[in-house]
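Here is the structure we will look at.
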Amino acid sequence: MAMKDVPDNVFMTSLDAAASWARANSLWPMPFATACCGIELMATASSRFDLARFGAEVMRFSPRQCDLMIVAGRVAMKMLPVLQRIWLQMPEPKWCISMGACACTGGVFDTYAVVQGVDRFIPVDLYVPGCPPRPEQLMAGIIALQDKIKHGGTLNGTEFGKRTQPTGPAPYDLDELIRIREANEKLVALN
Amino acid sequence: MSTEEALKSQFPQAGLVFSQFRDNHRIGVPAAQLMDILTFLKNVHHFDMLAELTAVDYLEYEGSKDRFGVVYVLVNTQSGERLVLKTHVNDPDPVLPSVYPLWKAADWLEREVFDMFGISFSGHPDLRRILSPDEFTAFPLRKDYPLKGRGERHNFPVLTRSDG
Ligand code: SF4
């Protein structure tokens, strides 16, 4: 069939690109909102900022129905196994946004109870900085994620299986080890 | 007769220390007498509500002789009267009798004090950790526990994108 015979309302594309285009424009977020960033996430979804313009307004509280995890807020040690479990329960293909200083790095909460960045323990596709990020910022993040999904996505999601290396910081950084050692030395001196 | 006078006449030997700041009436109680005095206050003076039960770590605190202070705030819901009782316990084995038989409210409050300070309460029906995870081993509100912990926040499996 010659190109001139193709009617105007028919598009030529690859299946991969068509699937990625569809996925990018109907992200269903899983709002893992544990702290103040969650309020901003709610504002993003509501009428003034209207996340529906980007096809991502369907917040689902069942991980089985979601394909975008938005970690909004600090994650306590006790909460991290829950976060990991929810992440594993989400069906493929799925993406993860780490929203706010706390989810990205622990923020000001550099304490024994708060995980210093969720990317240490789950894979994160996109970081949204800010404390809290404004809704515009989160939407810019979602648009950037849509770009990422549209470029390089495959119909069967084969690209995910190749990402076998953790992308976050190593579980222990040197500073941490030094801090722990110093704390233990102080403790010994006290007793 | 005020509560203070009643306590003085009922427990003359107990060595109670009375003090007051604004409308806070405070009583220092030796740990050995604690149960008797609380029972007396509840049954005779109608302090029928345990508003708060918490603890303080006095490690390296200027002028302190004891390691932990445990604070009980009682309320008489008929007269509105409030009373703050404080007792002290020490390492290596800080134990107090549980006040759960007197006030059911003590259940979670004592669990919290146990979780954060490692003070145990004998006779408590279910003395488990309440805030930190069950497998946590330290007592984080003790002053000798480092703010950043001893590496507990790193003990998780690392998931990559190809898992699950
Ligand atoms: S980054 Fe700021 S706004 Fe967001 S959870 Fe942390 S403290 Fe709250």
Side-chain angles (χ1 to χ4, degrees), chain A residues 75-81 83-85 87-96 106 109-125 157 159-173 175-177 179-191, chain B residues 54-68 89-94 108 111-119 126-164:
Chain A
V75 178
M77 255 185 78
K78 201 172 176 176
M79 202 64 184
L80 192 81
L83 174 66
Q84 287 190 325
R85 187 164 176 169
W87 170 253
L88 290 177
Q89 282 175 338
M90 285 167 58
E92 295 279 4
K94 57 190 173 186
W95 296 271
C96 176
F109 302 96
D110 192 2
T111 73
Y112 64 93
V114 178
V115 170
Q116 298 301 294
V118 293
D119 56 347
R120 285 170 189 265
F121 303 110
I122 65 169
V124 171
D125 290 284
E159 73 274 23
F160 297 122
K162 296 183 192 123
R163 288 161 59 183
T164 52
Q165 291 301 314
T167 47
Y172 273 95
D173 55 298
D175 283 0
E176 186 78 38
L177 281 176
R179 282 201 297 262
I180 293 167
R181 196 177 316 126
E182 280 173 359
N184 283 337
E185 275 164 12
K186 263 190 224 153
L187 186 71
V188 171
L190 271 178
N191 292 337
Chain B
T54 187
V56 191
D57 186 352
Y58 286 110
L59 183 71
E60 294 185 329
Y61 189 83
E62 215 181 325
S64 71
K65 294 192 297 294
D66 301 288
R67 172 82 197 257
F68 300 105
V89 278
N90 280 294
D91 273 340
D93 185 25
W108 284 14
R111 278 177 66 185
E112 187 185 356
V113 170
F114 167 70
D115 188 359
M116 292 291 143
F117 294 93
I119 299 171
D126 181 26
L127 198 62
R128 285 178 295 135
R129 288 184 177 271
I130 187 168
L131 298 174
S132 31
D134 290 336
E135 66 275 10
F136 207 74
T137 50
F139 301 114
L141 283 194
R142 288 190 175 191
K143 295 287 182 207
D144 51 9
Y145 183 75
L147 174 64
K148 291 174 182 148
R150 302 209 181 94
E152 290 93 344
R153 62 189 181 183
H154 290 299
N155 294 334
F156 298 100
V158 181
L159 299 183
T160 68
R161 191 57 185 72
S162 56
D163 297 323

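In the text below, chain A, chain B and the rest are named by the order of the sequence lines, each starting its count at 1.
- Looking at A/Val114, the atoms closer than 4.5 Å to chain B (heavy atoms on both sides) all sit in the backbone: N, CA, C or O.
- Distance check: B/Glu135 CD to A/Met77 CE gives 6.0 Å after rounding to the nearest 0.5 Å.
- Expressed to the nearest 0.5 Å, how far CZ of B/Arg161 lies from NZ of A/Lys94 amounts to 6.0 Å.
- Heavy atoms of other residues, nucleotides or ligands lying less than 6.0 angstrom from CZ of A/Arg85 number 12 at most.
- The main-chain N or O of B/Phe156 is never found under 3.5 Å from a side-chain atom of A/Gln84 such that the two would form a donor-acceptor pair.
- No other option in B/Asp134, B/Leu131, B/Leu59 has as many heavy-atom pairs under 4.5 Å with chain A as B/Leu131.
- Taken to the nearest 0.5 Å, the CZ atom of B/Phe136 stands 11.0 Å off from the NZ atom of A/Lys78.
- Most heavy-atom pairs under 4.5 Å with chain B, from the set A/Pro123, A/Gly161, A/Ala76, A/Pro91: that is A/Pro123.
- For the pair B/Arg153/A/Val75, no side-chain contact is recorded, criterion being any heavy-atom separation below 4.5 Å from C-beta on.
- Classified by interplanar angle (parallel below 30°, tilted 30° to 60°, perpendicular above 60°), the ring pair B/Tyr145/A/Tyr112 is perpendicular.
- Residue contact with chain B, scored on non-hydrogen atoms closer than 4.5 Å, involves the backbone and the side chain of A/Ile122 alike.
- Residue B/Thr160 comes nearest to A/Thr164 through the heavy atom pair CG2-O, 3.1 Å, listed as atom of the first residue, atom of the second, then distance.
- Looking at A/Gln165, the atoms closer than 4.5 Å to chain B (heavy atoms on both sides) all sit in the backbone: N, CA, C or O.
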